[in-house]
Structure formats: structure tokens, C-alpha cells
Amino acid sequence: MKSNNRTDIAVVTGCALVAVVAIAAPLALTSSPVRFLGAFAGILLGPGAIAYRLATGRRWGECFAIGTPLNVAAVMLIGVGLVDAHFWHPAKFELLIPLTTFVLCGVLLRRELRGAPETETELRSQAHYY
Amino acid sequence: MQATDLDEARSEPRRDRRRRAEAEPTGGWVQLALGLLICLALLAVGLWTLKHSPQSRIGPYGLVQALSRYYFVVIVALLLSLAWTFRVRRFRSLLLSAHVIVLVILIQGAPAVIESEPRFATAWLTAGFTNYVEVTGKFLPKIDARFSWPSFFAGSALLDSAAGLKTAVSLIRWWPVVLNLLYLPLIFRLASALLRSDDKAWIATALFPLANWVGQDYYSPQSIAFLLYLAFLYLLVGPLGADDHPLWFFYLRSHGQRRVLRMGRPWLAGDGRQLDQQTQERSPAIGFQLCAMVLLMAAMASGHQLTPIVATGSALVLVLVGRTRVRWLIVFFGLMTVAWICYGADTFWSGHFGLIFGGVGSVQGNVGNAVIARLHGAYAHLFVVDTRSVMSVLVWILALLGALFWRKGGADRRGALAGFLLPFGLLAGGSYGGEAVLRVYLFALPFALCLVAALLSQLRLASRQVATGLVLVLLLPFFLVSRWGNELFELVRPQEISGIEALYKMAKPGSTLIAITPQLPWRFADIQEFHYRPTPLTQSPLELILLAESNPKNTYVIITTSQIVYGWQDYGLSRGWGAKVESQLAHSTYFRLRYKNPDTQIFQYVPHTRSR
């Protein structure tokens with residue numbers, strides 16, 4: 001799949017924008033709906049879906065369905081790790097997640113994936129069994 | 001693949017559907033616009049009716065007594081429109097998604113609109129735990145067992161911090177709606193993988209919001225753990241799925257050839273039938289999916305007591321029935337679960353062996369704790385419990401019928417049936433605080449709905465639509481009573497929050513705070529500052545005096561309307577029992593009334609010098 005596919009570009013651009021908001025808002029704003037939405041959307045719709053897309057080339061619907069729980073799991077484990085390492089306060093480690101989103105968006109835009117989504121759809125309709 | 005399989009697997013291939021739809025381009029767009037307009041209109045009217053459903057009318061039968069009659073009209077119209085949408089050819093997924101989203105908002109979000117404060121005392125407590133982690137960066141496993149599985153609190157605290165929230169209480173109100181919306185795509189994916197058909201999967205997805213009455217989707221570790229569980233299951237049976245013979249088949253075959261169980265290979269270990277194109281992926285995809293499962297299991301193992309055990313058990317039975325390619329990795333999943341319990345949750349188990357293992361093997365005792373022990377209280381409460389039982393049994397019977405009438409057997413049916421039956425094994429493991437049956441229902445629900453969808457799919461399209469519509473409409477009253485039947489004591493009254501905030505202001509750090517029943521939305525702030533003594537049920541001032549003597553200088557007793565209603569409804573006490581306790585405390589020389597509002601009274605213990 002060439003990543004200049006329109007859907008890919010639209011999704012990746014959206015994710016990257018939300019990731020930027022998620023990174024910038026906590027640094028710039030004390031408390032606001034923008035920061036709230038940016039943080040939740042930027043972290044929950046973050047790198048999991050894009051990494052899943054990069055690794056498997058599956059449809060975006062499935063990527064987000066699986067990616068969101070992956071992001072949630074990552075946030076939970078980062079949180080436990082920070083507390084257990086007594087490293088809770090010094091830095092905003094949660095911002096690593098939107099930062100990763102941003103990086104993965106760049107990778108996805110540049111990288112050629114094998115098999116276009118249309119081809120995948122065609123194959124699914126012909127052989128949707130296990 | 002044979003043509004008959006194709007017909008069975010999907011009533012109409014996507015490509016043909018698209019071609020037919022393209023032949024009538026305007027019709028599809030008109031239907032889309034009309035469908036979306038209907039959804040929007042029903043959402044707007046539904047929210048309006050909820051806004052005009054007064055909280056004061058919530059009665060012993062719960063929220064259903066407060067709902068405007070127009071609300072029922074809106075929901076029935078939505079369900080019928082949803083059933084009708086199954087016939088639409090173009091933009092069907094979009095339209096069905098819109099309907100299901102509106103359904104979730106209107107039925108799961110009803111109390112969020114009607115009630116003035118976010119509901120459910122335990123959610124407030126969970127918010128308190130999150131706030132503590134956010135402020136201090138520490139856990140308190142010695143104060144509460146839930147801190148032995150702390151990753152939910154830590155993750156939520158991280159998010160709250162990033163979002164600039166002052167308290168996690170802000171998340172409680174709409175949490176169930178958001179979580180149910182997150183469950184839906186995974187339910188659809190799981191059903192699609194097991195039923196081999198998007199059409200059938202949509203039936204399971206549409207049923208889920210109305211069948212999910214157990215109320216474990218409030219702000220809590222288990223709500224998130226269930227999301228991870230669904231993703232874990234989907235990876236097992238979807239991308240890493242198989243259509244193999246049951247595992248025992250390999251050992252029972254007589255030709256003597258040794259079979260090797262493989263993992264993560266595009267061909268099955270058994271008779272060499274190929275997987276489809278989706279599963280013949282390159283190794284990075286499989287590697288990523290396996291890593292994703294490990295990540296999900298790690299978060300589950302550190303986030304909730306029960307979910308990782310059920311997830312590992314589900315993986316095991318799916319291996320046994322030949323429905324997944326993930327095989328030896330489940331040993332690792334089991335080890336992760338055990339390792340966390342041994343090392344991460346040592347504070348919990350190292351003094352509670354009896355609590356953990358006391359119920360193992362005692363199915364009768366555990367069922368008794370979970371079902372029979374709940375069969376007490378006021379008549380209205382018993383009606384709610386009965387409705388829950390009937391609804392659960394109804395879903396289970398439909399699921400068993402679905403398994404029985406599944407047209408083609410194979411690993412799909414075995415997988416769905418095994419996944420459905422496995423959670424019942426929890427009943428042998430313990431009572432889980434009397435909630436074992438609730439958990440059984442919840443964990444079995446995704447598979448049960450697949451089986452119900454399989455049953456409904458046996459019908460022709462028109463009959464299927466009618467049957468689906470009927471089941472949806474039939475489930476509605478059951479859902480409203482089961483889900484929101486205890487609302488009279490589960491709702492949080494604004495005056496109660498004012499009272500608890502006043503208590504926190506007047507009580508010095510180190511004070512003992514006593515509640516006469518556990519139904520109280522407290523501990524949402526400063527959980528480490530006070531000693532909390534929620535009692536199962538205390539009616540006698542003498543018991544309160546005995547409790548207060550452990551800290552005679554600073555002990556407070558709080559009595560709220562929710563606690564009194566809880567005693568009346570759940571324990572079958574008289575309606576006036578709370579007023580009687582309040583009166584006894586007010587006239588006692590051991591207690592002094594310190595605060596009063598219409599829903600809260602706070603008494604301070606007055607120590608007496610005993611003559612020797």
C-alpha cells in the first residue's frame with residue numbers, strides 16, 4: 001500500500017493534529033475543554049491504531065478498535081511503572097504517547113506497506129473464512 | 001473455499017452489494033440522509049424527554065418510574081428503525097452504527113441526564129483512589145485491596161493529569177456511555193470473526209447495549225479490564241484465529257503420526273487446511289499481534305483480579321476447541337496472572353488466604369452467596385432481582401438454542417459455546433463478594449450474543465428483521481428495570497455530597513468516620529487522612545458507641561438518605577428505620593448533632609468518663 005492513499009492521509013493528519021494538541025495543551029493551558037479533549041483523544045486514539053496499521057495493513061476501523069485498548073493498556077502500564085519507580089512527578093511521561101503517535105504518523109506517511117487496502121477488501125470478500 | 005460456504009458466510013458479498021448500490025446512487029444517499037436524520041431527531045427528542053424526567057420521581061422500582069412516557073416511544077421507534085435498517089443495502093454499516101450509538105447514549109446515559117450528581121457510590125470511591133495516586137504518586141495496598149491491582153488508578157491518574165482535571169469525579173457521569181461505545185466495535189469484530197458474517201455480527205452488536213444490564217461499566221478497573229478482555233478475545237479468534245479440529249482430535253486419531261502444535265504459523269498444525277488470506281500475514285503482523293496480546297494481558301493482570309483469569313481460561317478453551325492459533329503463549333498468560341498475584345498483590349493475599357481460597361470448589365455456597373443471598377429486601381427490590389434473573393436466564397436459553405441450531409458446526413460453534421460456558425466455572429472458584437453470577441453473565445455475554453445472533457440468523461431476512469426487532473423491544477423493559485432498578489439508593493443526592501464535604505471540613509485528620517450502611521459516596525478526597533468504618537448495617541447506637549471507642553476524641557457518624565433507602569430496600573427494614581436511628585442518636589448523650597441538611601445528618605461521638 002502506498003501511504004499517499006487519501007484515507008490514510010486524512011486519518012494520519014487527524015491523528016497527528018490531535019497528538020500536537022495533546023502535547024501542546026498541557027504545556028500551554030492550565031485547564032480547559034481543549035486540553036481535556038486533546039489529552040484524551042491524543043492518548044486514547046494514539047499510537048496503538050497507527051502501529052497496528054503499520055504492522056498489519058488492516059482496515060482503519062479494526063486498527064482503531066484494537067488500537068484504543070492498546071493505548072489504554074500502555075497508559076496503565078506506564079502509570080504503574082512510574083509509581084513503582086518512584087518517578088511520578090518530575091516529568092510528564094504521559095506525553096510520550098502522543099509523541100509516539102506523531103512519530104508513527106510520519107513513518108506511516110513515508111513507508112510503503114505491502115498490499116493496498118482495496119486488494120485486501122477484494123481478498124476478504126473472496127476468502128472470508130478460516 | 002466452496003460456494004456454499006461463501007453463501008453461508010456472507011449473505012451478500014461486499015462487492016456485489018456495492019455494485020447493486022451503485023446502480024441506484026440516489027436511493028442510497030436518500031436512505032442515508034433519511035436514516036441519519038431519524039437518528040438525530042430521535043436523539044434530540046430522547047434527550048429532551050430525559051431532561052423532562054424529574055429525578056424526584058425515581059421510586060422503589062428505580063429510574064423507570066421517572067422516565068417520561070415519550071421516552072419509551074422514542075426508544076421503541078429507534079429499535080424498530082434499527083431493525084428496519086438491516087434491510088438497507090447501501091451505507092448499512094454507517095446507519096446501523098448511528099442507531100446503536102444513539103441507543104447507547106439514550107439508555108446507558110439516561111441517569112447522566114436526569115440526575116443532578118454522577119451516580120453510584122463505588123465510582124466516587126474509585127475517583128478518590130485515582131485522585132490520591134495523582135497527587136502523591138503512591139498506592140495504598142494496605143488500605144484497600146483494590147490497590148493491589150493498581151494499574152487502572154495509575155493510568156487514569158496520568159490521563160487526568162494530562163487533561164488538567166482537578167478530580168476524577170468529572171469522569172464518572174459519562175463513563176458508562178463512553179465505555180459502552182468503546183465495547184461496541186470489539187463486540188462487532190468478535191461476532192464477525194465467529195459468525196463469519198457482518199450481517200449476523202450487527203445483530204449481536206445491536207443486542208449488546210440492551211443485554212448489558214450488569215452495571216460493571218461505571219468508573220472502575222473492571223470496566224476498562226472488560227474492554228481489554230474484548231480486544232484480547234478478538235485477537236485470539238480474529239487475526240490469530242483458526243478453524244481446526246479440537247485439540248484432542250490429534251491425539252485420538254489412529255494413524256499414529258505425531259502431531260506438533262505450532263503457534264503463529266499460517267497453516268494449521270492439524271490436517272493442513274489453509275487459513276484465509278487475512279491470517280496468512282507476514283511475520284511482523286503476527287509478531288505485533290502477539291505482542292499486543294501480551295500488552296493487554298499485562299494491563300489486565302495488573303489492573304483487575306478476575307479478568308485476567310477469565311481471559312486466560314477463554315484462551316485455553318479456544319485452544320482446546322481449535323479456534324485459535326495462539327497455543328503455547330497461553331502458558332505465559334497464565335504465568336503473568338499468577339506472577340502478579342504472587343508479587344504485585346502480595347499485600348492482599350498474605351493475610352487473606354481464607355478470603356481467596358475459602359470458596360474454591362463450593363459451587364453451592366458460591367451460588368448461594370451470589371443469588372440466594374440477594375433474594376431479600378423490600379418487595380420492589382425482589383422484583384428487580386427477579387427481573388435480572390429472568391433476563392439472564394432468557395439470554396442464556398437463547399444462546400443455548402443458538403448453539404443447538406447453528407447450521408454448520410465446526411470450530412466457530414465450538415469456540416462460541418466454549419467461550420460462553422467457560423465463565424460459569426467462576427462459580428466453582430469463589431463467591432467474589434456475592435457478585436459471581438454478575439461476573440459470569442458479563443464475561444459470557446459476548447459469546448452469548450454471538451449465539452443469539454446465530455439463532456436469529458437462521459430465519460429469512462424479513463423474518464429475521466421482525467424477530468430481531470421483537471427481541472430488542474422485549475429486552476427493553478427488562479433492561480430498564482434490571483439496570484436502573486436500584487436507582488433509588490444508587491443515585492447520589494447533591495445534599496449528600498454537601499454533607500460529606502462538610503464532614504471532611506469538620507473532621508480532623510486521623511478521625512474515624514462511620515457509615516451505618518456502605519451505600520455512601522465518600523472517600524472521593526483525602527482517603528489517607530481518615531479511618532473509614534463502613535458497616536454492613538448498623539441499627540443500634542450501642543454498636544456505634546463500641547465502634548467509636550477505638551478513637552473516642554474524633555469519631556463521626558454520618559447518616560444519609562441513600563443509606564436509609566438501602567436498608568429499607570435491600571434489607572427489608574421498615575421505611576422509618578433510619579429516622580429511628582437518627583432520633584436515638586440525637587437523644588443519646590454519647591452523640592451530638594453537628595450537621596444537618598435534608599439528606600444528611602452528621603453526629604460526633606462524645607466520650608464519657610466511666611466511673612470505676
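Just so it is clear: chains get the letters A, B, ... in the order the sequence lines come, proteins before strands, and each one is counted from 1.
In this structure, chain B has no heavy atom under 4.5 Å from any part of A:Ala22. Within the 4.5 angstrom heavy-atom criterion, no atom of B:Leu190 approaches chain A. Of the two parts of B:Val178, neither the backbone nor the side chain holds a non-hydrogen atom closer than 4.5 Å to a non-hydrogen atom of chain A. B:Phe139 touches chain A through backbone and side chain together, each having a heavy atom under 4.5 Å away.
Atom CD1 of A:Ile66 is separated from atom CG of B:Leu230 by 9.5 Å, given to the nearest 0.5 angstrom. The line from CZ of A:Arg58 to CD of B:Gln289 is 5.5 Å long, rounded to the nearest 0.5 Å. For the atom pair CZ (A:Phe40) and CG (B:Asp160), the distance works out to 5.5 Å, reported to the nearest 0.5 Å. Taken from NE2 in B:His304 to CE in A:Met76, the straight-line distance is 10.0 Å, to the nearest 0.5 Å.
The minimum heavy-atom distance linking B:Pro239 with A:Glu62 is given by the pair CG-OE2, 3.8 Å. The two atoms that bring A:Ala65 and B:Arg189 nearest to each other are CB-CG, 4.5 Å, heavy atoms only. Smallest separation of non-hydrogen atoms from B:Phe288 and A:Gly48: CZ-O, 4.4 Å. The two atoms that bring A:Pro69 and B:Leu186 nearest to each other are CG-CD1, 3.9 Å, heavy atoms only. Considering all non-hydrogen atoms of both residues, B:Pro150 and A:Val80 come closest at C-CG2, 4.2 Å.
Using a 4.5 Å heavy-atom cutoff, the side chains of A:Trp88 and B:Thr136 are not in contact.
Counting heavy-atom pairs closer than 4.5 Å to chain A, the top-ranked of the candidates B:Ala231, B:Gly155, B:Ser151 is B:Ser151. No other option in A:Ala39, A:Gly81, A:Gly38 has as many heavy-atom pairs under 4.5 Å with chain B as A:Ala39. Interface check for chain B: of the options A:Leu77, A:Ile97, A:Val83, the most heavy-atom pairs under 4.5 Å are formed by A:Val83. Contact tally against chain A (heavy-atom pairs below 4.5 Å) for B:Gly303, B:Pro185, B:Ala299, B:Ser302: the top residue is B:Ala299. In terms of heavy-atom pairs under 4.5 angstrom with chain A, the leader among B:Gly344, B:Ser161, B:Ser156, B:Ser170 is B:Ser161. Between chain B and the residues A:Leu95, A:Leu70, A:Val75, A:Leu37, the most heavy-atom pairs under 4.5 angstrom are made by A:Leu70. Contact count against chain A (heavy-atom pairs under 4.5 Å) is highest for B:Val133 among B:Leu182, B:Ile224, B:Val133.
Around atom CZ of B:Phe208, more than 12 heavy atoms belonging to other residues, nucleotides or ligands sit under 6.0 Å away.
Applying the side chain to side chain contact (heavy atoms under 4.5 Å, CB included) criterion to A:Ala49, with sequence neighbours excluded, gives A:Cys63, A:Phe64. Applying the side-chain hydrogen bond (donor to acceptor under 3.5 Å, both in side chains) test to B:Arg173 and every residue at least two apart in sequence or in another chain returns nothing.
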